[in-house]
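This is a predicted model, so every value here is computed, not measured. The sequence lines fix the lettering, A, B, ..., with proteins before strands; numbering per chain opens at 1. Excluded from the calculations below are hydrogen atoms, water molecules and symmetry mates; all remaining heavy atoms, backbone and side chain alike, are included.
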Amino acid sequence: MLDKRYDPHQVEAGKYDSWKSKGYFTAGDKTKQPFSIVIPPPNVTGKLHIGHTIDTTIQDIIARYKRMQGYDVLYLPGMDHAGIATQAKVMQKLVQNGVDVTKITRDEFLKWAWDWKKEYAESIHEQWAKMGLSLDYTRERFTLDEGLNYAVRTVFVELYKKGLLYQGEKIISWDPVQQTALSNIEVIHQDDKGNMFYFKYPIVGTNEYLTVATTRPETMFGDVCVVVNPKDERYKKFVGMKVINPANGDELPIIADEYVDLEFGTGAMKCTPAHDPNDFIIGEKYGFAKPIIFNKDATMNSLCGKYEGMDRFECRKALVQQIKEDGNLVKIEDIIHPVGHSERNNCVVEPMLSKQWFVKMRPLADQALANQKKSGKVNFVPERFEKVFTQWMENVEDWCVSRQLWWGHRIPAYYNKKTGEVVVSVEPPKDIENYEQESDVLDTWFSSALWPFSTMGWPNKTADYDRYFPTNVLVTGYDIIFFWVSRMIFQSLEFTKHAPFKEVVIHGLVRDAQGRKMSKSLGNGIDPIQVIEQYGADALRYFLTTNSTPGQDMRYIDEKVQASANYLNKIWNSARYVLGILPESFKEEELDLSKLSPLDRWVINRLETTIKNVTYNMDRYDFNAASSHLYNFVYDDFCSNYLEMSKVALNSNDENKINATYQTLFKCLKNIILLIYPYTPFIAEELYQNLPAHLESVMLESYPLFDKKLMDTTNDKEVELLFDLIKDVRNYKIDNKLAPNLSLQLSINFKIKVFDDFLTYLKRFTFSDIKEVGKEIVNSQGDLFMHPHADMLINNESGKAEMIERIKKEIATLENEIARCEKMLSNPNFIDKAPKEKVELEQNKLASHKKNLEDLTAKLKNLQ
RNA sequence: GGAUGCUUAGCUCAGCUGGGAGAGCAUCACCCUUACAAGGUGGGGGUCGGGGGUUCGAGCCCCUCAGCAUCCACCA
């Protein structure tokens, strides 16, 4: 017997371990069709947040749904080493523990990092378990595993051989805090307050000067020339002459190039090839030197004279002051301009010339774009996100993949100690003593990009790779379409000749109750574990996956999680009721419509329709729509209507009637459990285990298939009439301030045939006596209720006056409706152009309204 | 400067290929009716952001304006 109240803690305890130990999560049943999903590997940097929860819950819902549909589902778990993020955290911890991090070696650090990984992997496992994710732990991977490392090395070397990966000196984004290069997308451009400084650059041999504007005066130590537009009449005469750099007195040539915008700033631009991507291009074009003026920590270097060693922003201030004192400051404007920040630590990144490894993107991107026009394309859900992908791919620049870190896949390039020659190979050169391996590691996303196939054993031809790759669906947030989704697609196409997944389901972000992004600085993050403690994992899962449309952001609202828990409590209690009344001897039978009552048939039809609608929406990954169909069935059809009504049949003495009711109740309950199961596996399992007959676990059940044969609507009119009449009486009592259980006298004139027990039901749910049936009731005293299929008179002393009022009101609404119909039907365009059925529908409506109006008018006349 | 999404009840959101607007929470009234008071039965509350257009018919399609949000972008 179930407890009176649904207690998520009790329900959820122990179930996960039981599922896991019985091997239900383990893929490999060769008799079934394979279906695979890989988890987006979370970073081993800390606790999982609510964003992970929505992501993995959707995956788990799909996995459980597909498993029930008879697929051999592989839901593959794993984690990401998260290079920069983890290294920063481990370093921080070391510093806190008093370790002098400047003295530790690479190997020592890596030992610490692996310890860290072990610790956090454990906590992530615990969280996955709490959320109930049906992950196949026998196939768990880590992005730094030996197997994955082999895949990474293979890809690196192959790309290199194909000329798709190269070492080059280019302007990259430098993170001076982590002291590593970053890729473009790891730089966040945000609008910051800043200044536009206007300086005089005196022209050598004249009394004139050029005014040059800059936002970064400190880079003036790296200036090599001043550029103007060749068409600029103001400056034409100066081209070829020289100016004095007011920062250090260097003479710089004035050159002309189309790149400079006549309109912008002063039309004269300083050129710093080593610290600006555009200036770099000009520097290349005209063969200038490219002096680097920063140290790795973005302090000024020896080229900066007395500013050497000074922080870049300090230097900016001091230099502006100096230029001002020298009389070369024209003005300073306050501006708001985009400034690049490191995604990880928010420091201002510095564009810097640097020798790094790059992936040549154009051919890979083109391949990915071309694939979207073929049959093997990746299907984006919702579709619009394909645009995000396309746009990025069309404009992508070469990907800087080397990082000056320790924690990561070390680049498989080896420098000959004598000649400096580079050897790139999967295995180290045989005479390794003559070589030194590249100290840089790869961007974390380089290994994540291989995830769907490296986890399956690639480049080895493994059984898993053959069976589960390409994967069926990938689920992730729209925020990592660039970082991850697109990179998986082009790497996979290049190396496996397949897109890595057939579909990619994109979900929105979880925001706080005010709609703000959750962030550490705001402290508005939600810890899923705390929510689970309060409401249970099922309620959290249900809330997260059913409260927004696909791809749309959602707000975390505590009351909604509670509402989800209330819904589960509703299901719980309906189950408690049904299971409480089923006799010991109950045996599920195939439903035989001919043995069912009209009410039974009505609810079974509603159930089958619900199964159909839920399945349709599950297949479209529209969990909001799917769940709301089920919700409506549970509350309205099953609990409010059928379950209450069924009590009448159960009170009868008719064995057959009673058994039919049992069968119907059971069928509804069982299907509710199975339909809700992918969302809320814990409570579903608990209820399932309490069914009179069941398999070892709900996980072994099949997903309901709707049965057309059971969708019988012949009695719907009668059943709905019953509901309507009951509602009328209830309303009547409330309107007249009568006690809900007060017995009234009703007289009814049916206009359609009703089923045998109709009046029994009506009596029971209106607490009323039915005195006259099937007679003309207009002349009686009381309140009359009009219905297309029946008139009902409630005998009441209030009498005529109220009845007249009611009829008049009814006449007014009918007249409105008739006017509307007539307007439509008198429009020749409507008759001509609207579909036949629609026209007929309106015609029928009109006829019926007119008939009712006629009747009512007659009745009114009689009364007055 | 491009791109996308959003604007519907007091709040948070649904409304599929156009055919008389829904849910949850909140609110009001009445009920401890033998599954559920974390409940039940009812009620109130919306010129669907503004304007224009297409259509017999627009919350839905087109144009336009406004506001909010997000992403992309090297203008010194």
Could you give the distance separating [M] and [N] at their [atom1] atoms, to the nearest angstrom?
{"N": "B:rG67", "M": "B:rG19", "atom1": "P", "value": "32 Å"}
{"N": "B:rG39", "M": "B:rC48", "atom1": "C1'", "value": "33 Å"}
{"N": "B:rU54", "M": "B:rA58", "atom1": "C1'", "value": "10 Å"}
{"N": "B:rC16", "M": "B:rC60", "atom1": "C1'", "value": "10 Å"}
{"N": "B:rG44", "M": "B:rG1", "atom1": "P", "value": "49 Å"}

Open item on the list: Looking at B:rG39, I'd like to know if its phosphate oxygens (OP1 or OP2) sit under 4.0 Å from a side-chain N or O belonging to A:K570.
Closed with: no

Open item on the list: Any side-chain N or O of A:R730 below 4.0 angstrom from OP1/OP2 of B:rU41?
Closed with: no

TODO: Under the side chain to side chain donor-acceptor pair (under 3.5 Å) rule, collect the residues that match up with A:T545, sequence neighbours excluded.
DONE: none

Any N/O donor-acceptor pair, [X] side-chain to [N] base, under 3.5 Å:
{"X": "A:K387", "N": "B:rU4", "result": "no"}
{"X": "A:Y567", "N": "B:rC36", "result": "no"}
{"X": "A:E644", "N": "B:rA35", "result": "yes"}

Open item on the list: Could you tell me if A:K331 sits above the aromatic ring of A:F197, with its cationic atom closer than 6.0 Å to the ring centre and no more than 45 degrees from the axis?
Closed with: no

TODO: Indicate, with a heavy-atom threshold strictly under 4.0 Å, whether A:I734 touches base, sugar-phosphate, or nothing.
DONE: base

Task: Length of the CG-P vector between A:N395 and B:rG2, whole Å - done: 15 Å

Open item on the list: I need the CD-P distance between A:Q391 and B:rC72, as an integer number of Å.
Closed with: 11 Å

Open item on the list: With a 3.5 Å distance limit and no angle check, can you tell me whether A:D622 reaches the backbone of A:A625 through a side-chain donor-acceptor pair?
Closed with: yes

TODO: Give me the ring orientation class for A:Y556 and A:F543: parallel if the planes are under 30° apart, tilted from 30 to 60°, perpendicular past 60°.
DONE: perpendicular

- [ ] For A:N829 and for A:K838, locate the closest nucleotide of RNA chain B by heavy-atom distance; then report the residue assigned to the nucleotide nearer the 5' terminus.
- [x] A:K838

